[in-house]
A.B. asks: 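Just passing along the structure, written as structure tokens.
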Amino acid sequence: MQNKIDLEKKWQKKWNENSSYSVSNDINNNRPKYYVLEMFPYPSGNIHMGHVRNYTLGDVVARYKRSKGYNVLHPMGWDSFGLPAENAAKDNMTHPEKWTKKNILTMRNQLKSMGLSYDWSREISTCEPNYYKFEQKMFIDFLNKGLAYKKESWVNWDPVEKTVLANEQVIDGRGWRSNAIVEKRLLSQWFLKMTEYADDLLDSIPELNNWPEKVRLMQSNWIGKSLGANINFRIEKRSDVIEVFSTRPDTLYGASFIALAPSHPISISLSKNNKDIRNFIEECNKNSTSEAVIEKNEKKGIKTDLLASHPFDQSIKIPVYIANFVLMEYGTGAIFGCPAHDQRDLDFANKYNLPVLPVVQPHNFKKTKFIINDRAYIGEGVIINSHFLNNLPVEDAKRAAIKKLEDLKSGKSSITWRLRDWGVSRQRYWGCPIPIIHCEDCGDIPVPDVELPVTLPKDIDLNFSGNPLDSHPTWKIANCPKCNKTSKRETDTFDTFFESSWYFLRFTDPINNMPFREKNANYWMPVDQYIGGVEHAVLHLLYSRFFTRALKKCGYLSISEPFKGLMTQGMVCHQTFKTKDGSWLFPKDIVKKNNKYFLKNTNEEVFSGRIEKMSKSKKNVVDPLTIVKKYGSDTARIFMVSDSPPERDMEWSNSGVEGSYKFLNKLLRMIDEVNHLEKTIDVNSLSLNNYPALIKIHRSIQDVTEGIERFSFNVCVAKLYELTNTISRLDVDDTIELNIKFYGLKILAQLLSPFAPHHAEEIWFSLGQEGLVCNAKWPIANEKFLVEDNINIGVQVNGKLRGKIKYTKGSTNNEIESLALSLPAVKNQLDGKIPKRIIIVPERIVNIVA
RNA sequence: GCGAGCGUGGUGGAAUCGGUAGACACACAAGACUUAAAAUCUUGAGGACUUAAUGUCCGUGGGGGUUCAAGUCCCCCCGCUCGCACCA
């Protein structure tokens, strides 16, 4: 038996020599196309188990589809702009570019050692000017089509580092490096008009029927279309009004306060003459910009002197507050609070002693008075305490209230989206420069096409705080393309989601000096199967859907939806280990003895913690390279798909890996056993009943094929184990069994090839088959071996299993019934009584109701 | 806080349509081979209770419901995980 590494190297070399996985750019061929894509990695240093899982899943699909005769596009590249390169630069004083390129080199070799069937000639890296120059042009096209614009928006500002922080860099309201209290600041930034496609992005979700339902739901909720009303409240002694958006205009009579966002124009104007309000708004501005943080914080407000008039009854006066939970970005930046029917409003009202008047009463309410204590009622019901709305059901009352508001010219029906425009400006170095020049006279002028790309300067000062592009002495100086006046370049770069929003298009035509040819994109797109982590369920996938539409509007291609099929894989988890005083330990340093864990070096006892997602911070990582070196990549691949279904989280376990390794070794032993023997008989001519192994072989073809089609790869592996067990028990001294064994091994090689391609080639070759198994046509089960004549089903009495019966296919219900009733256990249960009913579900179950 | 998902033996999981729960594997135990170990092969097993019969009861996070029949459908609850717009 040869060394696994040599075996794998041998076949990788063969694939290379044959260019087995490269795809022709000639798209006029007759084979149907199939585009399988895994989310490309950020080159963080080394591949981790999450990558191994992701790319194994994709490779199974790619290899399977190839053998089914598809023209398969299966590319790989690098999402190589991003914050970690800048962090690494600060930590180790290495240039982001150098760090990134080194990582790519390492990771490319690691991926290549896994024998993944990529067309490496299409490799792309987004930090290359040759990639990002196209998106600079795209941005200018968006600008010209009105899909990009500039506005002010809030950022997390670290006053010590003088830099903008990502939400993840703000920990408990402080900068992660400086530990300074983070402030909110307004910056002028570029936005893409995603809201223009809000309706389309929402309405097209039903077409994405090869996406997981949960992702479609998340996207729907994210877009968040709400029907309601914009309502104007007049302010006492002032001429302006407060415009409020509400989905519950039916509860207007229950309004007990109005709350403004801290950044609402009225809040700002009030703060000018009121110190308390100014302090409160300042306090709110110390909050993070993260919605999760804002929502988790204690709900607080400050009362203003303003009183608003109720739109239906000017005599009702409602106090106006400024509250920390009202977002300027959503709706109109102001709400009316109806505490009885909204939990957040109720908490607020109870805190500030505001009245709670119920205006919706449950339909079946019997008692005399409906009272709200500390739980808001948000269900269905009829309106009470509301004059002209009384006795109407909620939905009717909404319509009536809106009608009245319109009659009074105090409001109108309105749709509000949760979806916001996409802010793409980042105050960072390691990203694609935004191709704009700010001229004092002409304003923001796009860099002319001939001057693209705007490339990043290499000589940057990493010690300097703030954005290195901004502090660079010369880079930002440019002449206005219009008036030639000395001007300043835009020093912000694009959000790195920009690159990942069109990389799948570049893969369809990666070498031409244009982003991609429309012809190629139209042929390959949409991606037939996209595979990646569920953490991208909303942002990346929604940005890409928007981007594709925007590119279509600019004439780049003619499709709207980039991803036809989506598979979201679960995380790779592992047990954690800690010392007595709670510091994390690497699993590789630990040995298990008598159900206790000890440090390898010192023999100190350590303790196992929860099973958690593999992460560097908890040290519960297993390095894929160590595994590949020890067991070979086929072992890692088989293990990755064998235990857990792809969409679920999986646990990495050493014993599981050992199991996969043993399985592959068993296969190699089997070929050693048969490859010196002669095969003589055509097994397809054998009759089926005498040879259960033949039936098993054909069942396996059927089961594995179906399993791959519906992503039950773990079941496929189980079926391969079963098939292996069956054929390993065949007797090589019996001529017929030997021939079935040959045949079974050949089929096994083919069924195995998407999962453990190196071993599959080895078996294929040892059996003396022509060519490479990766080019062989996928086997088809012979129907005559699939039909089962003997039916074996359970018999229940009152839904409980009491026995089993066997009959031949085609027996009548009467025959089945008498067979069932003749079972001793059934007779026992019936105890002489006559069954009330007998339910026979053909070939499934008999249930006798006594 | 809001949105989404998940929960089945000692462990990972299977059960495609509501129809024999626990396939396949890991771990475990016994046996074979071996001077021995490893490797390999064979066999066993959800839990409890017995009168030890191929017997009864319980069993898919907990509680309730629909149905001849529920891991699967509905309602409530518990636990864990993911996302929340500047991580990718």
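In what follows, chains carry the letters A, B, and so on, assigned in the order in which the sequence lines appear, proteins first and then strands, with residues in each chain numbered from 1.
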A.B. asks: Output the rounded distance in Å from CZ (A:Phe713) to P (B:U16).
C.D. replies: 18 Å

A.B. asks: Between protein and nucleotides 18-27 of chain B, map the contacts as a letter string: B base, S sugar-phosphate only, - none, heavy atoms under 4.0 Å, written 5' to 3'.
C.D. replies: -BBS-BSSSS

A.B. asks: Taking B:U66 as the reference, what is the distance to B:G18 when you measure between their C1' atoms (whole Å, please)?
C.D. replies: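 Going atom to atom, C1' in each nucleotide, I get 11 Å.
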
A.B. asks: Checking A:Arg216 against A:Trp211: charged group under 6.0 Å from the ring centre and within 45 degrees of the axis?
C.D. replies: no

A.B. asks: Side chain of A:Pro84, heavy atoms from C-beta onward: which of B:A88, B:G1, B:C82 has the nearest atom to it?
C.D. replies: B:A88

A.B. asks: Think A:Gln829 has a side-chain N or O under 4.0 angstrom from the OP1 or OP2 of B:U56?
C.D. replies: yes

A.B. asks: Please measure how far the P atom in B:G12 lies from the corresponding atom in B:A27, and state the result in whole Å.
C.D. replies: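 Between the two P atoms, the distance is 15 Å.
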
A.B. asks: How is A:Pro212 classified with respect to the nucleic acid when contacts are heavy atoms under 4.0 Å: base, sugar-phosphate, or nothing?
C.D. replies: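 Answer is nothing: A:Pro212 stays at 4.0 Å or more from every strand.
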
A.B. asks: Which whole number of Å gives the distance between the C1' atom of B:A85 and that of B:C17?
C.D. replies: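 To the nearest whole Å, 41 Å.
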
A.B. asks: Using a 4.0 Å heavy-atom cut-off across all strands, classify A:Ala537 as base, sugar-phosphate, or nothing.
C.D. replies: nothing

A.B. asks: Determine the interatomic distance between C1' on B:G61 and the same-named atom on B:C6; round to the nearest Å.
C.D. replies: 11 Å

A.B. asks: Need one value for A:His536: base, sugar-phosphate or nothing, where a base atom within 4.0 Å counts as base even if backbone is also close, heavy atoms only.
C.D. replies: base

A.B. asks: Would you say B:C57 has OP1 or OP2 under 4.0 Å from some side-chain N or O of A:Arg802?
C.D. replies: yes

A.B. asks: Heavy-atom count check: over 12 atoms from other residues, nucleotides or ligands less than 6.0 Å from A:Lys351 NZ?
C.D. replies: yes

A.B. asks: Which part of the nucleic acid, if any, lies within contact of A:Lys296, taking any heavy atom under 4.0 Å across all strands shown: a base, the sugar-phosphate backbone alone, or nothing?
C.D. replies: base

A.B. asks: Report the nucleotide, chosen from B:C41, B:A85, B:C68, that has the shortest atom-to-atom distance to any side-chain atom of A:Arg837.
C.D. replies: B:C68

A.B. asks: Looking at A:Trp154, I'd like to know if the NZ or CZ of A:Arg185 sits under 6.0 Å from its six-membered ring centre while staying within 45 degrees of the ring's axis.
C.D. replies: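 No - A:Arg185 does not lie over the ring of A:Trp154 by the 6.0 Å and 45° rule.
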
A.B. asks: Across all strands shown, which nucleotide pairs with B:G55 by Watson-Crick or G-U wobble geometry, both distances under 3.5 Å?
C.D. replies: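 By the stated definition (distances under 3.5 Å), B:C49 pairs with B:G55.
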
A.B. asks: With sugar-phosphate meaning primed atoms plus P, OP1 and OP2, does A:Gln427 contact a base, only sugar-phosphate, or nothing at under 4.0 Å between heavy atoms?
C.D. replies: base

A.B. asks: When you compare B:G46 with B:U8, how far apart are their C1' atoms, in angstrom units rounded to a whole number?
C.D. replies: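 That atom pair is separated by 11 Å.
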
A.B. asks: Could a donor-acceptor pair under 3.5 angstrom be found where the side chain of A:Glu86 meets the base of B:C87?
C.D. replies: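 Check fails, no donor-acceptor contact within cut-off.
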
A.B. asks: Starting at CD of A:Glu673 and ending at P of B:C41, how long is that distance when rounded to a whole Å?
C.D. replies: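 Distance, rounded to whole Å: 11 Å.
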
A.B. asks: What I want to check is whether an N or O donor and acceptor connect the side chain of A:Glu291 with the base of B:C2 at under 3.5 Å.
C.D. replies: no

A.B. asks: Paired with B:G83: which nucleotide, if any, by Watson-Crick or G-U wobble criteria at under 3.5 Å for both distances?
C.D. replies: B:C2

A.B. asks: Taking only N and O in the side chain of A:Asn167, is any of them less than 4.0 Å away from OP1 or OP2 of B:A85?
C.D. replies: yes

A.B. asks: Which part of the nucleic acid, if any, lies within contact of A:Arg648, taking any heavy atom under 4.0 Å across all strands shown: a base, the sugar-phosphate backbone alone, or nothing?
C.D. replies: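 Contact class for A:Arg648: sugar-phosphate only.
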
A.B. asks: Strictly by modelled atom types, are A:Asn324 and A:Asn287 linked by a side-chain donor-acceptor pair under 3.5 Å?
C.D. replies: no

A.B. asks: Taking atom types as modelled, is there a side-chain donor on A:Asn103 or A:Trp78 under 3.5 Å from an acceptor on the other?
C.D. replies: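 No, no side-chain donor-acceptor pair sits under 3.5 Å.
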
A.B. asks: Is any side-chain N of the basic residue among A:Lys193 and A:Asp421 closer than 4.0 Å to the acidic one's carboxylate O?
C.D. replies: no

A.B. asks: Measure from NZ or CZ of A:Lys299 to the centre of the six-membered ring of A:Phe348 and say whether it is under 6.0 Å with the direction within 45° of the ring axis.
C.D. replies: no

A.B. asks: Between the side chains of A:Glu722 and A:Lys696, is the shortest nitrogen-to-carboxylate-oxygen separation below 4.0 Å, so that they form an ion pair?
C.D. replies: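 Yes.
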
A.B. asks: Identify, between A:Trp422 and A:Asp649, the residue whose nearest nucleotide on RNA chain B lies closer to the 5' end.
C.D. replies: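 Here A:Asp649 is the residue nearer the 5' end.
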
